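Values below: all heavy atoms of this structure, side chains included; hydrogens, waters and symmetry mates excluded. The structure displayed is predicted, hence computed values, not measured ones.
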Amino acid sequence: MTGPAVPPAPGPRERLAVAGAGSIGVAFALVLARAGHPVQVWDPFPDALARAHDELSDRLDRLAVHGLVENPVAVRERVAFTHDLAEAVAGAALVQECAPERLDVKQEVIRRAAHSAPDRAVFASSSSAIRPSLLAAGLPDGLRERILVGHPGNPPYLLPVIEVVPSPGTAAWAVERARTLYTGAGLRPVTVRNEPEGFVFNRLQGAVLREAYCLVRDGVATVEEIDEVVRSGLGRRWSLIGPFETVDLNTRGGLASHAETMGPAYARMGAERGQHDPWTPDLVSSAVRQRRGLLPLDRWQERVRWRDEQLMRLTPLWEDIRDTS
């Protein structure tokens, strides 16, 4: 099954820059150029730029096979590679920083890029865990307000979610600017509040990984068996709906009924791991209000049917993937 390609939006598209030609940098260049933006990719190492050029071409060719890019040649032509940072960021509305996951390196790239980028350029870091307030620390006021984290799913040309994480000092206009550019490029921004380390994506992933390691340690299941539970169970549902909607649809009466029935068991499981984060009545009520705002209970059965229909539709694809893996 293939999804639609992301066509360029009509009219002129703003110039954007990617600072760092590693795997994520190449992926961002592809996403942004696929949406019609001219993109300059910078890296200080010539070998990295040559490798990035080849990676971009390979990924575009593979996307084209599945109908996920309209014109790979045109997209490729929108991306330029340079080892001159000033050239890369000149005129850029957004600088997507994709340097290695080290605070000092990322800060230095942002500091240097700011000398040549426009005064209103937004600086978005691809960091997986470094808080934007740390990235902005010690930098000039006018620059600090333009720094945020734009953390993608990997690879972003196939996983459209992107976490937009402002610091307390990030200007609201910069957040909205980044969200608008990302949305226009076919991504689905989620604004993350309060700067938690790891943001949302890696905290959720980390929670599953921590328990997975514990289950291996305790001899409950093997690595392969745990992966099978996710592949053939949790993962199939989660490709359609998230954890809150999953349990909302699993129990007649929705989230409130699930919390009442399963909450004590989950509390015991957490206590087993030394974790005490109870689902308090106020917390459950807040989650229930949000879910019922999205799906009134009188539409619950309709949504359950939709979930089942989508799983039925995708089952042959999943089975075909398993047969050829």
Side-chain angles (χ1 to χ4, degrees), residues 1-4 27 66 68 128-129 151-164 182 186-192 196 198-216 220-259 261-263 265-266 269-270 273 275 277 279 283-284 286-288 290-295 299-325:
M1 185 182 68
T2 61
H66 295 280
L68 295 174
S128 299
H151 174 241
N154 189 19
Y157 49 84
L158 296 175
L159 303 181
V161 69
I162 185 164
E163 298 178 290
V164 177
Y182 290 145
L187 297 173
R188 298 176 187 174
V190 173
T191 301
V192 179
F199 318 130
V200 174
F201 195 113
N202 281 321
R203 291 183 81 90
L204 289 173
Q205 183 169 248
V208 174
L209 273 173
R210 284 193 298 275
E211 182 61 26
Y213 271 109
C214 289
L215 292 170
V216 171
V220 174
T222 67
V223 165
E224 171 58 18
E225 288 166 339
I226 291 167
D227 277 356
E228 186 61 49
V229 169
V230 175
R231 277 195 305 261
S232 297
L234 295 172
R236 292 197 181 192
R237 288 192 308 208
W238 287 349
S239 70
L240 299 167
I241 53 179
F244 279 112
E245 186 168 12
T246 291
V247 298
D248 190 43
L249 300 183
N250 273 0
T251 309
R252 189 171 295 278
L255 201 58
S257 179
H258 176 270
T261 303
M262 292 298 298
Y266 278 104
M269 292 180 221
R273 303 299 187 209
Q275 182 176 349
D277 288 310
W279 301 353
L283 178 59
V284 171
S286 175
V288 169
Q290 292 181 54
R291 273 302 304 159
R292 297 288 67 85
L294 296 166
L295 182 76
R299 292 183 52 213
W300 181 87
Q301 187 63 52
E302 173 190 339
R303 187 64 173 177
V304 169
R305 182 179 178 84
W306 173 89
R307 176 202 63 191
D308 292 353
E309 289 290 339
Q310 301 314 306
L311 288 170
M312 292 176 201
R313 191 165 63 88
L314 291 170
T315 293
L317 172 64
W318 285 322
E319 294 306 316
D320 181 59
I321 292 171
R322 292 297 298 272
D323 290 343
T324 58
S325 63

Run the side-chain hydrogen bond (donor to acceptor under 3.5 Å, both in side chains) test against D320 and tell me which residues pass, sequence neighbours left out. none
Keeping the roles fixed (side chain from E163, backbone from F199), state whether a donor-acceptor pair exists under 3.5 Å. no
For P156 against P152, the heavy-atom pair lying closest together: CB-CB, 3.9 Å
Please list, chain by chain and in numerical order, all residues satisfying side chain to side chain contact (heavy atoms under 4.5 Å, CB included) with V223, sequence neighbours excluded. V216, D227
Partner set under side-chain hydrogen bond (donor to acceptor under 3.5 Å, both in side chains) for E228, not counting sequence neighbours: R231, S232, R322
Output all residues satisfying side-chain hydrogen bond (donor to acceptor under 3.5 Å, both in side chains) with T222, sequence neighbours left out; order by chain, then residue number. E225
Going by the rule side chain to side chain contact (heavy atoms under 4.5 Å, CB included), which residues pair with V230 if we only count those two or more places apart in sequence or in a different chain? L234
Qualifying residue, where the test is side-chain contact (heavy atoms from CB on, under 4.5 Å) with E211 and the options are L209, L215, V208: L215
Residues two or more places apart in sequence or in another chain: which of them pass side chain to side chain contact (heavy atoms under 4.5 Å, CB included) with A212? I226
side-chain hydrogen bond (donor to acceptor under 3.5 Å, both in side chains) involving R252 - partner list, sequence neighbours excluded: Q301
Exam field: side chain S239 to backbone R236, donor-acceptor pair closer than 3.5 Å: yes
Residues forming a salt bridge (charged side-chain N to carboxylate O under 4.0 Å, His left out) with R292, sequence neighbours excluded: D248
Quick one: CZ on R291 to CH2 on W300, what's the gap to the nearest 0.5 Å? 12.0 Å
Please identify each residue that fulfils salt bridge (charged side-chain N to carboxylate O under 4.0 Å, His left out) with R303, with sequence neighbours left out. E245
Determine the minimum heavy-atom distance between V192 and P196, stating which atoms define it. CG1-CD, 3.8 Å
Flag the pair L249 / R237 as yes when at least one side-chain heavy-atom distance between them is below 4.5 Å, and no otherwise. no
Partners of A129 by side chain to side chain contact (heavy atoms under 4.5 Å, CB included), sequence neighbours excluded? E101, E197
Between A259 and V284 the two heavy atoms that sit nearest each other are CB-CG1, 3.8 Å
For W318, give me all partners under ring pair (Phe, Tyr, Trp, His ring centres under 6.0 Å), at least two apart in sequence or on another chain. none
Check: residues 305-312 side-chain donor-acceptor pairs under 3.5 Å, at least two apart:
from, atom 1, to, atom 2, distance (Å)
R307, NH1, N250, OD1, 3.4
Q310, OE1, R313, NE, 3.2
Q310, OE1, R313, NH2, 2.8

